[in-house]
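First up is the structure itself, then whatever we jot down about it.
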Number of protein chains: 2
Amino acid sequence: MKYDLKLGKEIMCPIEYGLDIFGGKWKSRIICVLSSNKVIRYNEIKKELGNITDAVLAAMLKEMIADEMIIRTQYNEIPPRVEYALTEKGKSVLPILQCICQWSREHSAEALDTKLPACISCDQL
Amino acid sequence: MKYDLKLGKEIMCPIEYGLDIFGGKWKSRIICVLSSNKVIRYNEIKKELGNITDAVLAAMLKEMIADEMIIRTQYNEIPPRVEYALTEKGKSVLPILQCICQWSREHSAEALDTKLPACISCDQL
DNA sequence: CAGTATCCCCGATGATACTG
DNA sequence: CAGTATCATCGGGGATACTG
């Protein structure tokens, strides 16, 4: 959901804003990965996420930069080096992700016959 | 995301489970509406949500029943009367929604030039 | 290495009509 | 009243190829 900052369109309810920030298939995972690495390079993120494509990863990172959830630091070397890290705003969602994670663990066992698997990313929260 | 209970497929990470439960465009709103009405009828939910269509509302309610987030009570009267209410599991996500709501209010002002609007549903949390 | 550029697919959501 | 049935749409996400 694009709430174009400049145009100030798409007035949204608070929960929508939150879900736009860390919802979707990848953003929460990216936050998790960044949370356990002070700084991390593009290809390391990609490796940790396993099966994300470049197009999607690049798009997610771009949105998250615009949302001020992460910062991108580019070193003009050859080969290029770019590092990503959580901003303070980014770090501030970690407790929420932990809450969701804990809630899910507590309530999924009843619903699913199986327990939720350990999650490489969430478990490092 | 359908994690068919019977087939037990789609093993997911905890955060995914949570986002499946209350993520998406409508579920969190439905939970909010139900949280401020002990019981509420189908058309009342629809009215409160404003612009949801029957097809989508019915689908959401069905999923949420399957997830054991809400209960449906049907009275065999004419005209039909059906009431919905949050289960204990459903109520247990309210603190999380509140967290998200509060976090959004605290952090959106910087990003958006405008404050997030009061939200009929969230504000009753 | 860290991405862009394209093209494509599918599932979530919406519109509309109909019914027990 | 409380839905179901169909069809249409839209965009998030994916596949692949290419590049400074």
Side-chain angles (χ1 to χ4, degrees), chain A residues 1-4 9-10 12-13 15-16 19-30 33-34 37 39-67 70-85, chain B residues 1-4 9-10 12-13 15-16 19-30 33-34 37 39-67 70-85:
Chain A
M1 181 182 320
K2 299 288 84 59
Y3 44 89
D4 188 320
K9 57 192 277 286
E10 285 288 358
M12 51 190 0
C13 118
I15 293 184
E16 276 182 89
L19 291 179
D20 191 40
I21 291 289
F22 62 80
K25 181 168 180 181
W26 296 109
K27 288 182 179 175
S28 66
R29 299 186 192 195
I30 293 174
V33 168
L34 292 226
N37 298 270
V39 293
I40 182 170
R41 300 178 62 166
Y42 180 91
N43 269 317
E44 294 173 328
I45 300 175
K46 191 178 171 186
K47 199 172 303 172
E48 293 234 31
L49 294 178
N51 53 348
I52 194 173
T53 62
D54 281 319
V56 173
L57 177 53
M60 295 300 119
L61 293 173
K62 232 173 208 173
E63 285 182 39
M64 295 173 77
I65 290 167
D67 289 334
I70 61 178
I71 13 167
R72 195 190 103 116
T73 311
Q74 177 174 348
Y75 300 88
N76 290 314
E77 307 171 348
I78 296 177
R81 180 159 61 103
V82 177
E83 290 180 341
Y84 293 90
Chain B
M1 178 182 320
K2 300 286 82 60
Y3 44 90
D4 187 320
K9 57 192 278 285
E10 284 289 356
M12 51 189 1
C13 117
I15 293 184
E16 276 181 271
L19 291 178
D20 193 40
I21 291 288
F22 62 80
K25 183 169 181 181
W26 296 110
K27 288 183 180 176
S28 64
R29 300 185 191 195
I30 293 174
V33 168
L34 292 225
N37 298 269
V39 293
I40 182 171
R41 299 178 62 168
Y42 181 90
N43 269 318
E44 295 173 328
I45 300 175
K46 191 179 173 186
K47 199 173 302 171
E48 294 234 33
L49 294 178
N51 53 350
I52 194 173
T53 62
D54 282 319
V56 173
L57 176 53
M60 294 301 118
L61 293 173
K62 231 172 209 173
E63 284 183 40
M64 294 173 77
I65 290 167
D67 289 334
I70 62 178
I71 13 167
R72 196 189 102 117
T73 313
Q74 176 174 349
Y75 300 88
N76 290 314
E77 307 170 350
I78 296 178
R81 180 160 60 104
V82 176
E83 291 180 341
Y84 293 90

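Residue numbering restarts at 1 for every chain, and letters A, B, ... go by the order of the sequence lines.
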Worksheet item: Which parts of residues 50-58 of chain A get close to DNA chain D, meaning a heavy atom less than 4.0 angstrom away?
Response: A:Thr53, A:Ala55, A:Val56

Fill in: Whole-Å distance separating the NZ atom of A:Lys47 from the P atom of C:dG3
15 Å

Worksheet entry | Between D:dG12 (P) and B:Glu16 (CD): distance, integer Å | 18 Å

Fill in: Phosphate contact (C:dA2 OP1 or OP2) by A:Arg81 side-chain N/O below 4.0 Å
no

Discussion item. Going by side-chain contact (heavy atoms from CB on, under 4.5 Å), name the residues that satisfy it together with A:Val82, two or more places apart in sequence or in a different chain.
Written reply: A:Arg72, A:Gln74, A:Tyr84

Worksheet entry | Atom pair distance, as rounded to whole Å: CD1 in B:Ile40 and P in D:dC1 | 14 Å

Practice prompt. Take atom CG of B:Leu19 and atom C1' of C:dG11, then tell me their distance rounded to the nearest Å.
Written response: 17 Å

Discussion item. When you compare the side chain of A:Glu16 with that of B:Arg29, does any pair of heavy atoms fall below 4.5 Å?
Written reply: yes

Item to complete: Answer yes or no: does a side-chain N or O of A:Tyr42 lie under 4.0 Å from OP1 or OP2 of C:dT4?
Response: no

Discussion item. Of the listed nucleotides (D:dA2, D:dG13, C:dA2), which one gets closest to any side-chain atom of A:Met60?
Written reply: D:dG13

Worksheet item: Rounded to whole angstroms, how far apart are CD1 on A:Ile78 and C1' on C:dG3?
Response: 15 Å

Discussion item. Distance check needed: C:dA2 C1' versus A:Glu83 CD, whole Å only.
Written reply: 13 Å

Worksheet item: Looking at side-chain heavy atoms only, is the closest gap between A:Lys25 and B:Leu19 below 4.5 Å?
Response: no

Fill in: Pair pattern of DNA chain D in dot-bracket, where unpaired bases get dots and | marks partners in another strand, Watson-Crick or G-U under 3.5 angstrom
||||||||||||||||||||

Worksheet item: So does B:Lys62 get a side-chain nitrogen or oxygen closer than 4.0 Å to the phosphate oxygens (OP1/OP2) of D:dG3?
Response: no

Worksheet item: Quick one: is A:Arg41 getting a side-chain N or O under 4.0 Å of the C:dA2 phosphate, OP1 or OP2?
Response: yes

Worksheet item: According to a strict under-4.0 Å criterion, is A:Lys46 in side-chain N/O contact with OP1 or OP2 of C:dC1?
Response: no

Worksheet item: Would you say the side chain of B:Ile40 lies within less than 4.5 Å of the side chain of B:Glu48, judging by non-hydrogen atoms?
Response: yes

Discussion item. So A:Ile30 and A:Met60, do their side chains get closer than 4.5 Å, heavy atoms only?
Written reply: yes

Fill in: Beyond-backbone contact of B:Tyr42 with B:Leu57, side-chain heavy atoms, under 4.5 angstrom
yes

Item to complete: Provide, to the nearest angstrom, the distance between the CD1 atom belonging to A:Ile30 and the P atom belonging to C:dA2.
Response: 15 Å

Item to complete: Quick one: label A:Tyr84 by what it contacts on the DNA or RNA (base, sugar-phosphate, nothing), any heavy atom closer than 4.0 Å.
Response: sugar-phosphate

Worksheet item: By side-chain contact (heavy atoms from CB on, under 4.5 Å), which residues pair with A:Glu83, not counting sequence neighbours?
Response: A:Val39, A:Arg41, A:Tyr75, A:Arg81

Worksheet entry | Partner residues of A:Asn43 under the side-chain contact (heavy atoms from CB on, under 4.5 Å) criterion, sequence neighbours left out | A:Lys46

Discussion item. Any non-hydrogen side-chain atom of A:Ile52 less than 4.5 Å from a side-chain atom of A:Ile45?
Written reply: no

Worksheet entry | Phosphate-side-chain proximity, A:Trp26 and D:dG12, N/O vs OP1/OP2 below 4.0 Å | no

Worksheet item: Picking from C:dG14, C:dG3, D:dG20, which would you name as closest to the side chain of A:Pro80?
Response: D:dG20

Item to complete: Specify the separation, in whole Å, of atom CD of B:Glu77 and atom C1' of D:dC1.
Response: 11 Å

Worksheet item: Phosphate oxygens OP1/OP2 of C:dA2: is one of them under 4.0 Å from a side-chain N or O of A:Arg72?
Response: no

Worksheet item: Does the side chain of B:Ile71 come within less than 4.5 Å of B:Ile65's, by heavy atoms?
Response: no

